[in-house]
Amino acid sequence: MSATTHTDRLCLSCLDDLPRELFIGGKWSPANDHRQLASLRPSTGDTLATVAHADATDVARAVAAAGAAGRPGSRWHRMSPAARSRLLHRVGDLILAHADRLALLDCLDNGKPLRVARAGDVPAAAAVFHYMAGWPGRLNGENVSIFTGNPERHLAMTVPEPVGVVAAIIPWNFPLYMAAAKVAPALAAGCTVVLKPAEQTPLSALLLAQLAQEAGLPPGVLNVVTGDAATGAALAAQPGVDKVTFTGSTEVGRSIVRAAAVDFRRVTLELGGKSPNIVFGDADLPQAMDGAAHAIFYNQGETCVAGSRLYVQRQVFDEVVAGIRERAAAIRVGDGLDRDTDMGPLISAEHRARVMSYLHSARAGGAQVTGGHAPDSPGFFCTPAVVTGADPQAPVVREEIFGPVLVAQPFDTAEEAVALANDSPYGLAAGVFTRDLGLAQQVGRRLRAGTVWVNSWHVLDPALPFGGMRGSGWGREMGRAGVDAFLETKTLVNDLGTRPWGTASAPR
Ligand code: NAD
């Protein structure tokens, strides 16, 4: 056990009064058989908190509560768009009002630097609620002209309807933000939700549930079941779920599609990535070096859009790689509570071992690796790594590592860079650094990626659709597309009759 400092004790007080049970139907209740799940603190390896561990019975209870809360005639179903909008705003406001505590929870539970959580994750989560609050009153259908022989006979229209009960399953890398990204658009569309946070980081979702209740969300509209992979699998397969929205690994995404195929429930998938970043020789090189380092090392490299493959035009390759190596060496790795920390620990001992195994096999294959050390101290720390000279078919180049590991390779022409970038089973994000915006456009249009950043990285906004191509998933979150993902379009055709013109009379 590591020593607990005075600061640690102060910070750990953010756990006082935090609900640790399941939030179902507007009430906190223990898991079936009172099962518990431990969440670790990645910077020490100690147990941070234990929470309820939901099983299939609990999941069924939560899905039934969500179904009842959204039923025709329910309070939620009858609520005006303006009232729904006010509720979403209120949740966003409450997130900001509790920003310090939420940031602390994510810092302790995930390991990320407190100042990053406070300046990034928490305001971003609030912004999603505030942005989505603008949608409920704007979700209109259309009148549609149809021709059936008599142009006055039919009145045809589309009606957007909430898809129903949404199962939202999220990973551990941005615990609060991921919860907001699923819950806010679903509620904006009028759905009800069962949220399953990752087993490694359940805490901020529990506080979010408490804040949603305080905001006045009717019971059962948002339910939170904490648990592990089995809990997630039970939720994805539970009858009564109309849509699964999942963020996580490509492998689990595949199993969710299989479960959904049984009754064709709707699915949105935000999966992994191995995102390419292309630096041309004419780029502002210090900007490109900063951008490339930020692309891969932000959030310990534990971001789905991490710019993990770097392609640099040959004449500036050595200079750019040296600049990124310098930046990597200057990154201060440490406890997220420490004000000076730039990069926290990885999420778990297993995950760190997996990251190290990629570096080990890269070295064994003849690649040059700088950084990538695991200090012999408590916690799951790993220093940022830069790899050059790897075999283009090596796992370190092809597979998602989800850690602070950058693989760099030179190219000569724009065509070659695009071919290298697109040679991946993934298609989540990509970047281009150049002063030639015409070239950036051309390259950007040819890249197979859901998002392309030019001379930047990690620029996200709730108004911007986000999602992947190929192995990176199905569908889009955020923006109008992100709300549409929680709606069904109903077509309603009214036959107005065939009364001959001239015989119409006012009803008596
Ligand atoms: P994971 O797929 O193992 O777990 C994600 C969530 O799914 C967790 O809540 C987990 O309990 C649950 N789960 C696990 N097995 C399940 C099953 N069989 N059925 C239903 N639910 C199940 O992923 P992870 O290791 O927690 O997260 C890392 C992965 O997430 C990376 O591959 C990363 O790229 C991806 N990710 C993608 C995005 C995106 O927006 N595209 C964002 C963040 C993370």
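Nothing fancy with the numbering, it's 1 onward along the sequence. Indexing begins at 1, ligand by ligand and atom by atom, following the structure's order.
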Which side-chain N or O atoms in residues 166-187 pair as donor and acceptor under 3.5 Å with protein atoms at least two apart or in another chain?
residue: Asn173; atom: ND2; partner: Glu302; partner atom: O; Å: 3.1
residue: Lys182; atom: NZ; partner: Thr245; partner atom: OG1; Å: 3.3
residue: Lys182; atom: NZ; partner: Thr247; partner atom: OG1; Å: 2.6
residue: Lys182; atom: NZ; partner: Glu477; partner atom: OE2; Å: 2.5

Suppose we screen for ring pair (Phe, Tyr, Trp, His ring centres under 6.0 Å). Which residues come up paired with Phe23, at least two apart in sequence or across chains? Trp28
Any donor-acceptor N/O pair, Gln213 side chain to Gly26 backbone, under 3.5 Å: yes
Have Ser424 and Arg448 got a donor and an acceptor in their side chains that come within less than 3.5 Å? no
For ligand 1, give me the residues whose heavy-atom distance to it is below 4.0 Å, by chain and number please. Ile169, Ile170, Pro171, Trp172, Asn173, Met178, Lys196, Pro197, Ala198, Glu199, Asp228, Ala229, Gly232, Ala233, Phe246, Thr247, Gly248, Ser249, Val252, Ser255, Ile256, Glu270, Leu271, Gly272, Cys304, Glu400, Phe402, Leu428, Phe466
Taking atom types as modelled, is there a side-chain donor on Thr50 or Gln36 under 3.5 Å from an acceptor on the other? yes
Taking only distance into account, with no hydrogens and no angle test, what donor-acceptor pairs under 3.5 Å do side-chain atoms of residues 257-264 form with protein atoms, sequence neighbours excluded?
residue: Asp263; atom: OD1; partner: Arg265; partner atom: N; Å: 3.4
residue: Asp263; atom: OD1; partner: Arg265; partner atom: NE; Å: 3.0
residue: Asp263; atom: OD2; partner: Arg265; partner atom: NH2; Å: 2.8

